[in-house]
Trainee: 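I'd like to ask some things about the structure below.
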Amino acid sequence: MPYIKTVSEEEASGIVADSYRSSRAAVGGIYETSRIISTWPELLKVEEQRYFTIMLAERNLTRMEKEAIAIAVSKRNDCHYCLEHHKAMFVSAGGDIDTATRIEDEPQSPELPDRLRDMISFALSQDQSSAPVDKMRNNEFSDDELLEIIIVAGFFHDYNLRVSRFGLELEDWFSEEHAQ
């Protein structure tokens, strides 16, 4: 149960009710990440669009690559909720559970594909010099790909903070089949 007040399904109206209905239809339940911002309906709408734009819309990175970054950042931030959700979503996006676990346990494993290992390293780097950008360019990453990697990583730093700060726990209904 989150540490802050949320809107229950029974109390929900307008944007919140629409969000809850859509979530229940898509995955059979309501994500706790939606519930914690349910008292701010306009933000809920923005966050849903933000998630769609960053994680689901096709751009430069594949969905699986984005999920790999989500796993690595969530592990770094010790966010069990996001880690479990995005390991399942990595598998749903075409990855396998062994690779998801390897990303979680050893994000610089030589067993990971070079491109994936490079992206994770870049996403987790705290070096604020141009060296990581130069290295990625030398490894044939475009500036658009670099921007997308950092946007995904930042998105998960934000989500991990919310989830951890407000005590979210995995939903009772959630399992690997619900990953989208």
Side-chain angles (χ1 to χ4, degrees), residues 23 26-27 29 31-34 36 47-165 168-171 173-180:
S23 180
V27 297
Y31 289 109
E32 291 299 304
T33 52
S34 294
I36 61 167
E47 285 299 305
E48 287 174 348
Q49 183 60 45
R50 186 173 169 230
Y51 185 85
F52 177 82
T53 301
I54 293 171
M55 294 303 293
L56 304 180
E58 291 291 323
R59 189 153 160 69
N60 298 293
L61 305 182
T62 68
R63 173 77 188 274
M64 192 170 65
E65 290 169 335
K66 293 174 189 183
E67 296 298 347
I69 295 165
I71 293 167
V73 171
S74 296
K75 174 64 176 186
R76 160 87 45 98
N77 293 331
D78 197 27
C79 184
H80 177 74
Y81 176 98
C82 290
L83 185 59
E84 293 305 315
H85 272 280
H86 292 283
K87 283 171 52 179
M89 290 178 189
F90 179 85
V91 172
S92 174
D96 62 82
I97 194 63
D98 291 337
T99 302
T101 302
R102 188 167 292 113
I103 293 165
E104 174 185 6
D105 294 339
E106 190 183 353
Q108 290 305 297
S109 170
E111 295 178 34
L112 293 174
D114 290 345
R115 177 178 166 83
L116 198 55
R117 195 174 52 249
D118 287 346
M119 287 190 306
I120 291 168
S121 177
F122 185 67
L124 296 178
S125 175
Q126 299 203 359
D127 182 345
Q128 294 182 22
S129 75
S130 64
V133 171
D134 295 339
K135 179 181 178 188
M136 293 294 281
R137 283 183 180 143
N138 288 337
N139 289 341
E140 312 236 343
F141 282 86
S142 71
D143 286 357
D144 282 346
E145 288 172 312
L146 299 181
L147 175 62
E148 193 166 351
I149 292 166
I150 295 305
I151 293 296
V152 171
F155 182 72
F156 279 92
H157 283 293
D158 175 26
Y159 261 79
N160 295 165
L161 176 62
R162 276 189 246 171
V163 166
S164 298
R165 184 65 43 91
L168 300 192
E169 295 178 5
L170 287 172
E171 299 84 359
W173 56 265
F174 183 78
S175 67
E176 219 172 85
E177 322 56 267
H178 295 102
Q180 285 197 356

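Note that the structure is predicted; figures quoted are calculated from it, not measured. Note that the numbering runs from 1 along the sequence shown for the chain.
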Trainee: Applying salt bridge (charged side-chain N to carboxylate O under 4.0 Å, His left out), which residue pairs with at least one partner in residues 147-161 are found, sequence neighbours left out?
Mentor: R50-D158, K66-E148, D158-R162

Trainee: What is the minimum heavy-atom distance between S34 and E48, and which atoms define it?
Mentor: OG-OE2, 4.5 Å

Trainee: What residues, two or more places apart in sequence or in another chain, satisfy side chain to side chain donor-acceptor pair (under 3.5 Å) together with D118?
Mentor: N139

Trainee: R59: which residues meet the salt bridge (charged side-chain N to carboxylate O under 4.0 Å, His left out) condition with it, sequence neighbours left out?
Mentor: none

Trainee: So with a 6.0 Å cut-off around CG of N138, is the heavy-atom count from everything else above 12?
Mentor: yes

Trainee: May I ask you to decide if L124's main-chain N or O and R76's side chain share a donor-acceptor pair within less than 3.5 Å?
Mentor: yes

Trainee: Can you name the nearest heavy-atom pair linking A123 to I149, along with the distance?
Mentor: CB-CG2, 3.9 Å

Trainee: List in chain and number order the residues that pass ring-ring contact (aromatic ring centres under 6.0 Å, His included) with Y81, two or more places apart in sequence or in another chain; answer none if no residue qualifies.
Mentor: H85

Trainee: How are the rings of F156 and H86 set relative to one another: parallel (under 30°), tilted (30 to 60°) or perpendicular (over 60°)?
Mentor: perpendicular

Trainee: Stepwise, does the side-chain contact (heavy atoms from CB on, under 4.5 Å) test hold for F174 with V27?
Mentor: CA-CA 8 Å; F174 183 78; V27 297; over 6 Å; no

Trainee: Return the CG to CE distance between L146 and M119, rounded to the nearest 0.5 Å.
Mentor: 10.5 Å

Trainee: Nearest 0.5 Å, please: how far is CZ in F90 from CD in E67?
Mentor: 9.0 Å

Trainee: Applying side chain to side chain donor-acceptor pair (under 3.5 Å), name anything that partners D127, two or more places apart in sequence or on another chain.
Mentor: S129

Trainee: Determine yes or no for a side-chain-to-main-chain donor-acceptor pair under 3.5 angstrom, with S74 supplying the side chain and A70 the backbone.
Mentor: yes

Trainee: Could you walk me through whether E65 and V152 pass side-chain contact (heavy atoms from CB on, under 4.5 Å), step by step?
Mentor: CA-CA 10 Å; E65 290 169 335; V152 171; over 6 Å; no

Trainee: In chain order, what residues pass the side-chain contact (heavy atoms from CB on, under 4.5 Å) check against E84, with sequence neighbours excluded?
Mentor: H80, K87, L170

Trainee: Kindly compute the distance separating NE2 (H157) from CD1 (I150), expressed to the nearest 0.5 Å.
Mentor: 8.0 Å

Trainee: Partners of T53 by side-chain contact (heavy atoms from CB on, under 4.5 Å), sequence neighbours excluded?
Mentor: Q49

Trainee: Do any N or O atoms from the side chain of S92 and from the backbone of A88 form a donor-acceptor pair under 3.5 angstrom?
Mentor: no

Trainee: Are any of the side-chain nitrogens in E145 or R115 under 4.0 Å away from the carboxylate oxygens of its partner?
Mentor: yes

Trainee: Does R102 have any side-chain contact (heavy atoms from CB on, under 4.5 Å) partners at least two apart in sequence or in another chain, and if so, which?
Mentor: T99, S109, E111, L112

Trainee: Say you draw a straight line from CG of D144 to CD1 of I151; how long is it, rounded to the nearest 0.5 Å?
Mentor: 11.5 Å

Trainee: Quick one: list whatever passes side chain to side chain donor-acceptor pair (under 3.5 Å) with D134, sequence neighbours left out.
Mentor: S130

Trainee: Using the side-chain contact (heavy atoms from CB on, under 4.5 Å) rule, take I103 and L116 through it: C-alpha gap first, then chi angles, then the decisive distance, then the call.
Mentor: CA-CA 9 Å; I103 293 165; L116 198 55; 4.1 Å; yes

Trainee: Could you pull out all residues at least two apart from D114 that satisfy side chain to side chain donor-acceptor pair (under 3.5 Å)?
Mentor: R117

Trainee: Are F122 and V133 close enough, and set up right, to give a side-chain contact (heavy atoms from CB on, under 4.5 Å), and what steps lead you there?
Mentor: CA-CA 8 Å; F122 185 67; V133 171; 4.0 Å; yes

Trainee: Under the side-chain contact (heavy atoms from CB on, under 4.5 Å) test, which residues partner E169, sequence neighbours left out?
Mentor: none

Trainee: Is there side-chain contact between V91 and D96, with heavy atoms separated by less than 4.5 Å?
Mentor: no

Trainee: Could you tell me whether a side-chain N or O of N77 sits under 3.5 Å from a main-chain N or O of C79, the two making a donor and an acceptor?
Mentor: no

Trainee: CG of D105 to CG of D98: how many Å apart, nearest 0.5 Å?
Mentor: 11.0 Å

Trainee: Which pair of heavy atoms, one from I120 and one from A72, lies closest together, and at what distance?
Mentor: CG2-CB, 3.6 Å

Trainee: Would you say that L147 contacts D143 through its side chain, given a criterion of any heavy-atom pair below 4.5 Å between the two side chains?
Mentor: no

Trainee: What's the separation between atom NZ in K75 and atom CG in N160, rounded to the nearest 0.5 Å?
Mentor: 12.5 Å

